Amino acid sequence: MVMTGTVTEFRAPAIGPRSVTVLGSTGSVGCNTIDMIERNPGAYRVEALTAHNNVDLLIEQSLRLKPRLAVTGNPENYEKLKAALAGTGIEAAAGRAAVIEAAERPAEWVMASIVGAAGLEPTLAAVRRGALIGLANKETLVCAGSLMMKEVAKHKATMLPVDSEHSAIFQVFDFDKIPAIEKIILTASGGPFRTKSFAEMTAMTPAQAVAHPNWSMGAKISVDSASMMNKGLELIEAHHLFGLPEEQIDILVHPQSVIHSMVAYRDGSVLAQLGTPDMRTPIAYALGWPNRIEAPSARLDFVKIAQFTFEAPDPERFPALRLARAALRAGGRAPTILNAANEIAVAAFLASEIRFTDIAAVVETVLEKLPVGTLTSIDDVLATDGEARKVAGAEVAARRKNS
Ligand SMILES: NC(=O)c1ccc[n+]([C@@H]2O[C@H](COP(=O)([O-])OP(=O)(O)OC[C@H]3O[C@@H](n4cnc5c(N)ncnc54)[C@H](OP(=O)(O)O)[C@@H]3O)[C@@H](O)[C@H]2O)c1
């Protein structure tokens with residue numbers, strides 16, 4: 001079985017427990033991954049766990065799961081981590097380089113669940129040693145998609161999508177019959193502001209934006225869902241994972257979040273994957289791959305659901321959708337700029353420095369100010385990311401003064 005682009009080739013599962021590393025173990029996806037590991041005693045051996053600020057949770061997880069290495073990205077947490085793990089045989093480390101080193105350690109399977117472009121280099125380190133990667137960190141593919149997928153092919157790594165939409169597509173995408181595929185249909189819940197007018201969205205607070213109707217997630221992706229930038233990032237992610245051009249990827253609002261995405265074939269068939277909105281299902285799919293393992297997610301009760309509804313997305317009220325499509329079409333540095341500017345704008349919104357509707361406005365301004373150019377190396381990506389963050393920071397500062 002050969003799956004070009006996303007998965008290089010089938011491998012027989014290793015004998016004995018699968019060795020795993022969780023990058024971003026203290027986050028929403030990270031904690032769900034730890035939950036799945038703990039529900040399968042004896043099936044997994046933890047090589048490394050990494051976190052950033054939440055050292056208390058990292059310590060708790062380490063004492064329970066006994067990884068060989070525990071890393072905090074923030075060096076200020078090192079002494080506390082080291083003291084708590086003294087005498088346990090668990091190595092403690094801190095700093096950006098140590099997070100990358102954790103990804104380099106020889107775990108067969110790596111969960112990439114750091115949020116934002118901060119996940120790029122650690123994910124790349126796992127790719128470069130040919131690991132099986134559960135990819136939650138979509139920003140990695142948004143800011144460096146083509147280069148990353150080249151590295152995946154070169155090092156025979158395997159990208160197993162964890163985003164529920166991409167996991168759904170992966171499960172019904174016939175990699176052997178790509179010409180028979182008409183399009184991908186990415187479903188979107190529409191987020192907490194689905195029915196709000198643009199004017200109403202101007203006054204929305206961070207607490208309202210993170211209150212997602214269906215999913216419980218980290219703050220950044222929750223805000224991205226409210227602005228629908230999340231769907232824009234997923235559009236770019238889908239393009240890189242499945243190799244289809246932007247015009248073959250549709251977005252469809254489906255407020256129940258039960259159909260996680262679909263693939264439409266040229267013969268008129270549409271294949272979908274369904275489930276209740278619980279990240280442990282796509283995490284279980286990636287963690288167990290190529291086998292399927294039990295997940296505790298609530299089962300679908302179709303009679304209770306009774307109806308599925310669908311709406312076209314509205315790029316006027318949700319300009320992030322338009323910006324992400326334009327960035328994908330423009331190529332070059334545009335998606336990297338889009339992602340970096342969005343990270344800065346979302347952080348400023350969460351800190352109550354700018355309004356909700358300023359997020360897309362900041363991204364649009366930064367995209368207008370910086371040339372599209374080209375990306376030929378990961379160093380180019382990192383430089384572009386840094387440059388876009390600076391310009392976005394200045395734009396946030398200007399808006400902060402005016403608000
Ligand atoms: N949450 C979901 O249901 C969901 C669904 C699909 C896709 N995703 C994607 O999965 C990724 C993680 O999302 P999440 O919701 O789990 O985020 P989250 O709850 O905010 O967790 C982020 C994780 O990354 C760590 N981290 C943050 N900044 C870091 C840095 N500079 N260096 C190293 N580690 C850092 C955090 O550590 P500390 O907490 O210790 O600071 C935490 O472990 C995102 O790319 C998101 O788009 C999430």
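In this chain, residues are counted from 1 in sequence order. Indexing begins at 1, ligand by ligand and atom by atom, following the structure's order. Fair warning: this is a prediction, and the values are worked out from it, not measured in the lab.
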Can you pull out the closest protein heavy atom to [atom]? Residue, atom name and distance to 0.1 Å, please.
{"atom": "atom 15 (O) of ligand 1", "value": "Gly218 N, 2.9 Å"}
{"atom": "atom 21 (O) of ligand 1", "value": "Gly27 CA, 3.1 Å"}
{"atom": "atom 45 (O) of ligand 1", "value": "Glu139 OE1, 2.6 Å"}
{"atom": "atom 19 (O) of ligand 1", "value": "Ser28 N, 2.9 Å"}
{"atom": "atom 27 (C) of ligand 1", "value": "Val115 CG1, 3.8 Å"}
{"atom": "atom 38 (P) of ligand 1", "value": "Thr26 OG1, 3.3 Å"}

Distance-only polar pair, side chains of Asn54 and Thr26, donor-acceptor under 3.5 Å =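 Distance-only check fails for Asn54 and Thr26.
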Does any donor atom in the side chain of Gln208 or Thr205 lie under 3.5 Å from an acceptor atom in the other side chain?
->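 Result is yes, a qualifying pair exists.
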Kindly indicate whether the side chain of Thr276, heavy atoms from C-beta on, has any atom under 4.5 Å from the side chain of Asp301.
->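 Side chain of Thr276 against side chain of Asp301, heavy atoms only: no contact under 4.5 Å found.
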Check: Tyr44 and Leu287 side chains under 4.5 Å, non-hydrogen atoms |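 The answer is yes; the side chains approach within 4.5 Å.
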With respect to [X], determine whether any N or O atom, backbone or side chain, lies less than 3.5 Å from an N or O atom of ligand 1.
{"X": "Gly24", "result": "yes"}
{"X": "Ala51", "result": "no"}
{"X": "Arg96", "result": "no"}
{"X": "Val29", "result": "yes"}
{"X": "Asn53", "result": "yes"}
{"X": "Ser164", "result": "no"}
{"X": "Ile221", "result": "no"}

Taking every non-hydrogen atom, the tightest pair across Leu85 and Ala92 =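 Closest approach of Leu85 to Ala92, heavy atoms only: CD1-CB, 4.3 Å.
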Are Phe170 and Phe175 near enough that their ring centres are under 6.0 Å apart?
->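 Yes, the ring centres sit under 6.0 Å apart.
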Using heavy-atom distances only, which candidate in [options] approaches [atom] most closely?
{"atom": "atom 34 (N) of ligand 1", "options": "Asp163, Ile114, Leu233", "result": "Ile114"}
{"atom": "atom 23 (C) of ligand 1", "options": "Pro282, Gly30, Ala117, Ser113", "result": "Ser113"}
{"atom": "atom 32 (N) of ligand 1", "options": "Arg280, His52, Met111", "result": "His52"}

Could you tell me if any non-hydrogen atom of Lys138 lies under 4.0 Å from any atom of ligand 1?
->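 Under 4.0 Å: yes for Lys138.
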Element-labelled atoms of ligand 1 that are located less than 4.0 Å from some non-hydrogen atom of [X]:
{"X": "Met279", "answer": "3 (O), 5 (C), 6 (C)"}
{"X": "Ala118", "answer": "30 (C), 31 (N)"}
{"X": "Ala136", "answer": "7 (C), 8 (N), 9 (C), 10 (O), 45 (O)"}

Crowding at CD, Glu76 (>12 non-hydrogen neighbours, <6.0 Å) =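 No, the 6.0 Å shell around CD holds no more than 12 heavy atoms from other groups.
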Would you mind checking if [Y] and [X] are paired as a salt bridge, meaning a charged N to carboxylate O distance below 4.0 Å?
{"X": "Arg333", "Y": "Glu387", "answer": "yes"}
{"X": "Glu234", "Y": "Lys138", "answer": "yes"}
{"X": "Asp224", "Y": "Lys231", "answer": "no"}
{"X": "Arg322", "Y": "Glu364", "answer": "yes"}
{"X": "Glu139", "Y": "Lys220", "answer": "yes"}

